[in-house]
Amino acid sequence: MRKLFLLFILLISFIFAFAPKTYADELYKYTNANFDTSNSIIVLSAQDTSENFLNQNIKLVKLENKAYFDIDNAITTFPKQDWIFNSGGIKEIKISQFSVNPCKIRVVINYDNDFNPDNIKFLRLKNNIIIKLKNGIIAENDYFNNTYRDEHSSSSDFYEYLTVTTPVEQQPDTITGQIQDAFNVKAEQTFAKKELKLNTKYYLNNISVRQNGILLNGFGSVTIERPMILQNPSRIVYDLPNTLVDTKLRNKEFKINETESVKIGQFSVNKARIVITTEDVADYIPIYSEDNQSLILANYKKTNNSTLFTHSSNAINYLKEKENSLTESMVLKFDSPIVHGLDRYNDKLIIYLYNVSKYNDANFKEAFKNTFFEDAVIDLIPKIGLKLTIPFEQDAMVNTYLGADGRSFKVKIKQVKKKQEPSIILNPVNPKTSSDKHRIVLDAGHGGSDTGAIGGGIHEKAITLDVAKRVEKLLKQKGYEVKMTRSDDSTVSLQERVEISEEYCPDIFVSIHVNSSVKPEITGVETHYYHQESMELAQVVHSSFASAVQSPNRGLFKSKFYVINHTTSPAILIEIGFISNANERAQLVGEKRKQATAKAIADGIQEYFKQNK
């Protein structure tokens with residue numbers, strides 16, 4: 001009996017001596033790893049499981065052409081990440097569960113010889129870790145994610161060529177493989193690399209129907225644009241910029257109830273579109289989770305608000321920011337992460353703070369006195385929380401942001417610059433000769449001895465001239481001044497086209513072409529730009545064009561074509577289809593496709609000028 005007791009004591013001692021340290025320390029769950037290419041920032045998001053901060057100091061270990069750091073007492077709930085980049089100083093980033101005894105996450109950064117690892121900076125927001133990879137000092141403030149914007153295109157939209165490495169599930173096809181599988185012996189794992197052209201803001205991979213709405217789940221940080229309301233049938237359209245939709249979700253329809261349904265698709269290479277068919281379009285709003293990775297689109301009048309959160313929060317600070325005379329921001333700070341919804345009207349924004357119960361009205365009013373937000377009002381709404389109403393001018397542009405830790409919320413308002421009326425007009429200008437009209441150069445590709453691409457006996461030069469003339473006519477009907485680089489079947493060199501544009505000094509330059517490929521099965525439309533200031537023009541016109549014609553949307557491309565590289569005004573080149581595909585060629589020479597193409601291009605140009613008043 002004594003020997004048995006001693007054996008028990010030895011066993012207990014052994015367990016305490018060699019048990020992993022993670023049993024004593026709290027484990028931290030990292031739920032998301034997001035790489036923001038627009039800022040070269042990695043955001044590692046963790047759940048806040050205690051009042052203690054995780055990893056007060058992170059040690060970056062520098063080796064030849066690479067560096068790494070470890071996160072102790074931490075586990076990942078997302079798959080191994082392996083990002084390979086084709087440009088910039090960073091070549092590859094790997095994030096994985098390095099060990100489980102003890103629990104440790106490792107982030108490895110491989111870089112070029114000329115990259116300076118001293119530029120890597122760390123910022124910790126609670127248990128969220130932000131790693132900045134570019135030169136410069138990281139700002140000592142909240143890292144905000146854009147949750148809502150009025151713009152339907154922005155310079156913050158971007159594309160990144162990315163190689164994603166994922167493990168391949170293999171069925172054992174040999175005797176050795178079957179034995180290994182039977183005894184759970186891990187064979188050497190095979191990985192597949194897939195080249196993607198995608199944004200890295202948000203990856204949408206799950207959608208589920210909820211009571212009176214839908215729940216969207218993904219990885220990254222979600223942004224939503226100002227919705228569009230359509231009729232016949234009644235529906236509301238939400239676009240999510242910088243979002244990639246999992247292929248299994250695309251073009252699927254989900255039933256919310258007997259009268260309402262939702263459909264989701266990849267609208268363009270970097271934008272998701274969600275269409276909800278409902279008679280209650282005015283009552284649908286987006287509701288954001290506290291980590292900004294999940295989004296509910298729901299009828300707020302029928303939503304059970306108590307199911308949206310598990311803890312309450314209080315407003316503790318109120319700050320104002322002023323960028324210039326036209327742009328100001330309101331920043332609200334909270335003691336716990338918030339769950340919020342928003343409703344955009346023509347002259348106001350309503351923010352529903354579902355789990356916020358307390359605020360100081362006097363401090364709130366004092367903070368925003370003599371700002372764009374001085375007429376803002378907070379009301380206590382039973383069973384909802386707080387309702388923040390912010391009135392503004394109808395043409396104002398609105399953006400909202402959520403801090404990476406979920407405890408900060410920002411509303412930015414950009415007012416429209418008011419035109420000053422002249423007190424006395426001595427020599428009024430004839431409206432027909434006014435220089436206030438927008439000026440556009442239309443460039444019909446090829447011409448004369450330069451036939452362009454040829455398919456089925458059809459010349460590219462004939463199609464581009466026909467479509468360009470149609471666009472010219474529509475734009476002039478809208479009141480624009482238009483200059484054609486060629487109006488007939490004449491030969492005009494690339495340099496001459498540039499010279500025509502530079503002499504005319506247009507607001508924009510638009511070149512129209514027809515595509516061709518050695519693979520006759522390829523079809524689709526695409527738009528090219530080169531200079532950064534041309535990106536918004538490309539986005540707006542392409543969005544209008546791609547949605548108007550029945551042809552695959554091949555997206556935007558940054559390309560160094562001569563005419564869009566050497567013109568100083570915003571310039572784009574549109575490929576309106578493939579002449580090498582027999583079916584699409586038949587459409588391109590048809591009246592219906594040519595007119596639809598011209599109208600979509602003209603409408604896109606008008607929308608661009610509308611957004612850039």
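Quick caveat, the model's predicted, so the values are computed rather than measured.
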Backbone of I276 reached by a side-chain donor or acceptor of T278 within 3.5 Å: no
ask   = Taking NZ, NE, NH1 and NH2 as the nitrogens, is one of them in K62 or D118 under 4.0 Å from a carboxylate oxygen of the other?
value = yes
Item to complete: Would you sort out whether H340 and T147 count as a side-chain contact (heavy atoms from CB on, under 4.5 Å), showing the intermediate values?
Response: CA-CA 10 Å; H340 74 284; T147 53; 4.2 Å; yes
Can the positive tip of K410 be found less than 6.0 Å from the middle of the six-membered ring of Y401, inside 45° of the ring normal? yes
- Task: Examine the side chains of D361 and Y359 and answer whether a donor and an acceptor come within less than 3.5 Å of each other.
- Result: yes
*Would you call L240 and I274 a side-chain contact if the rule is heavy atoms closer than 4.5 Å?*
yes
Does the ring centre of Y352 sit less than 6.0 Å away from the ring centre of Y300? yes
**Prompt:** Do R344 and D150 meet the salt-bridge criterion of a basic N to acidic O distance under 4.0 Å?
**Reply:** yes
Does a donor on one side chain sit under 3.5 Å from an acceptor on the other, for S357 and N314?
-> yes
- Under 3.5 Å, is there a donor-acceptor pair between the N65 and N113 side chains? yes
Has S408 got a side-chain atom pairing as donor or acceptor with G403's backbone, closer than 3.5 angstrom?
no
**Item:** Test item: side-chain donor near acceptor, S294 and N217, under 3.5 Å
**Value:** yes
Evaluate the criterion side-chain contact (heavy atoms from CB on, under 4.5 Å) for residue pair V237 and R273; output intermediate values, then yes/no. CA-CA 7 Å; V237 179; R273 171 159 288 185; 3.5 Å; yes
task = Answer yes or no for R106 and Y68: cation-pi contact, defined as NZ/CZ to six-membered ring centre under 6.0 Å and angle to ring axis within 45°.
result = yes
Q. N257 and E260: side-chain donor and acceptor closer than 3.5 Å?
A. yes
*Derivation and outcome, side-chain contact (heavy atoms from CB on, under 4.5 Å), residues Y288 and V339*: CA-CA 6 Å; Y288 300 83; V339 175; over 6 Å; no
